[in-house]
Amino acid sequence: MTIKEAQEAVDRWIKEYGVRYFSELTNMAVLTEEVGELARVMARKYGDQSFKPGEKDNLGEEMADILWVLLCLANQTGVNLTEELQKSIEKKTQRDSLRHIQNEKLKA
Ligand SMILES: [Mg+2]
């Protein structure tokens with residue numbers, strides 16, 4: 001699935017099952033909530049915390065939740081994420097093409 005197809009799939013789902021998009025600010029709050037859920041799993045899995053009884057390692061699910069809300073926000077604000085990701089990669093390449101290669105801290 002391409003990013004364009006993902007944006008279209010989310011849009012179809014919202015129109016078929018979601019009635020309408022939540023407001024942009026509501027979805028921003030939901031995005032923040034989902035990032036917190038991912039942080040909780042990361043803290044349990046890679047950090048010093050352990051999973052509580054009943055909790056599960058659902059790293060991928062939480063990442064997908066974040067992507068879903070981000071795709072919603074892109075759709076409702078008219079952002080083409082394919083173009084924006086391409087621009088972001090180009091920007092990082094121009095800005096950081098030598099930065100990390102020359103970072104001695106990364107060579108350990
Ligand atoms: Mg979640």
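In listed order, ligands and their atoms are each counted from 1.
Expressed to the nearest 10°, the angle at the Mg ion (ligand 1) joining OE1 in Glu37 with OE1 in Glu62 is 90°.
A salt bridge is absent between Glu37 and Arg40; no separation between the charged side-chain nitrogens and carboxylate oxygens falls under 4.0 Å.
Lys15 places none of its side-chain heavy atoms less than 4.5 Å from the side chain of Arg20. Side-chain contact check for Tyr21 versus Thr77: every heavy-atom pair is 4.5 Å or farther apart.
Residue Asp65 approaches the Mg ion (ligand 1) most closely through its N/O/S atom OD2. Distances from the Mg ion (ligand 1) to the N/O/S atoms of Glu34 are shortest for OE1.
Between the side chain of Glu90 and the main chain of Lys87, no donor-acceptor pair closer than 3.5 Å is present.
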